[in-house]
S.K.: 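Have a look at this one before I ask anything.
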Amino acid sequence: IHCSPGRRRRGFVITTSCLSLQVGLLSGICLIVGTMIGSGIFVSPKAVLLETGAVGPCLCVWAACGVLATLGALCYAELGTMITKSGGEYVYLMEAYGSVTAYLYSWSTIMVLQPSAFAIIALSFAEYTSTPFYPGCTPPIVVTKCLAVVCIFLIVSVNCLSVKLASYVQNFFTAAKLLIILVIIVAGIVLLVQGNTENLSNPFEGASTSFGSIGLAFYNGLWAYDGWNQLNFITEELKNPNRNLPLAIIIGIPLVTLCYVLVNIAYFSAMTPTELLQSSAVAVTFGDRVLYPLSWVVPVFVVFSTFGAANGTLLKHTANIMLTYVAGREGHMVKILSYISLKRLTPSPALIFNGILAVFYIIPADINTLINYFSFAQWGLYGLTALALIVMRFTRKELKRPVKCPMPIAVLVVIVSCYLVLAPIIDKPELEYLYCTIFILSGLLLYFPFVHRRFSWTRRVMRPITMYLQLLMEVVPPENNE
Ligand code: ARG
């Protein structure tokens, strides 16, 4: 089913207009900062402290995660300015290793990474919404999970209804999250100036030396930094990308790193490490201690921040719908997922699918387990992408590289990713990592009949399903134009 040419044109205009931003340096920096800050800084500090065992290594891990994100982003800057085709990592992996790897990338992103990120943020939202109602104890799991499902339902609905509404929601919540980070930092500085420094006085006592625990600490810290590659998806809309892309990275990510380290110092100036580990929502405890009688401000704004972050993951989805379309066109993805609502011009099938998977992830798991699997799979892919840069230095010498990332940086990112993926497994082999790997690789089972050979029976199976869903949801393919 195709829509009429007029409608089709409108669909095309909407889907690309949300991309055509003409982003300058300042907006580029804001975009990086706005995407990276979300839920992580409010849920990860506890896990990072738990895994590192002491304040000193905990702060070092937070800083090191920032350095790693900056280095990763510099590798991406070379890739993004060398291959300017839409599609981000999908296109880089396709160029470097061929179709199977690119397929596995889209499979793991759509089936694992996007929905689990959505689930983690929704759970953080739920944790901060419920904690103030259960002072002094941890809220019941059923309550948190139900609230997370409500959050997912709300955000999917807003994004299915209107792209415009979703971006208004986004602007409001981005302002809220920057404000609360600033409040926490300023309150922390005031506490330090008043002399509350005893928790920072013996920072390396009791530090963990386990190989795997440090890896897990990084998983949690890196979750808070995820989104550092955001600008790569819009290199075409950046003004003067050869200058602005590396500059925005070099300014934006260290800025976030500074904020995160300062927020952690603020937490430690108000509570001892043991108190931090016992708190069910760190920022709420911080607010209760420091901002009374305005303590309510903290949970309210953290809830806004996490809601904004959850909305941001779907907005990114919306902006990336053309990229999803690229994978769909290669036959790497179920076509219906790249279709757009005829009436509302939103990518409702992809959004609803993402929401349903996120709910499935929420039912059995808790935040930290999900963060561990997310970072495990995500850093496997980041490492593979950095390796693609090295591979293409040899296989695609002819390509122009306006931004050249020094080779040692790429090598370092690859080595660190290998460590991140392997250390927790070697240290404490848990079956779940195996399941996660098997699930990602199981995508290959579908690759052979549906993508590689394209057996005619696969088309006979898929066609009526696609048509039925098209009629049910009133969706159409977007314009065939990257
Ligand atoms: N760093 C963000 C946060 O702390 C999470 C980014 C989510 N990543 C994603 N690929 N959607 O909430």
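Bear in mind that the values here come from a model prediction, so they are computed numbers and not experimental data. The basis for the numbers below is simple: all heavy atoms, side chains too, and nothing from hydrogens, waters or symmetry mates. Ligands are counted one by one from 1 in listed order, and the atoms in each one are counted from 1 as well.
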S.K.: For Ser280 and Thr138, test the side chains for any donor-to-acceptor distance below 3.5 angstrom and give the result as yes or no.
M.R.: no
S.K.: With a 6.0 Å cut-off on ring centres, are Tyr373 and Tyr361 close enough?
M.R.: no
S.K.: Which pair of non-hydrogen atoms, one from Ala310 and one from Ile155, has the smallest distance, and what is that distance?
M.R.: CB-CD1, 3.3 Å
S.K.: So for ligand 1, is Gly40 a polar contact partner (N or O within less than 3.5 Å, distance only)?
M.R.: yes
S.K.: Heavy atom under 4.0 Å from ligand 1: found in Trp223's side chain, backbone, both, or neither?
M.R.: both
S.K.: If you measure from each non-hydrogen atom of Met36 to ligand 1, which part falls under 4.0 Å: side chain, backbone, both or neither?
M.R.: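 For Met36, the contact with ligand 1 is made by the backbone alone.
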S.K.: Is any N or O atom of Ala224, backbone or side chain, closer than 3.5 Å to an N or O atom of ligand 1?
M.R.: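 Yes - when backbone and side-chain N and O of Ala224 are compared with those of ligand 1, one distance drops under 3.5 Å.
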S.K.: Can you list the atoms of ligand 1 that are under 4.0 Å from a heavy atom of Ser39?
M.R.: 3 (C), 4 (O), 12 (O)
S.K.: Going by distance only, is there an N or O of Tyr260 that falls short of 3.5 Å from an N or O of ligand 1?
M.R.: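 By distance alone, the answer is no.
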S.K.: Could you tell me whether the side chains of Tyr382 and Asp226 share a donor-acceptor contact shorter than 3.5 Å?
M.R.: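 Short answer, yes.
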S.K.: Kindly state whether the ring of Phe218 and the ring of Trp379 have centres lying under 6.0 angstrom apart.
M.R.: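 No; Trp379 has its ring centre 6.0 Å or more from that of Phe218.
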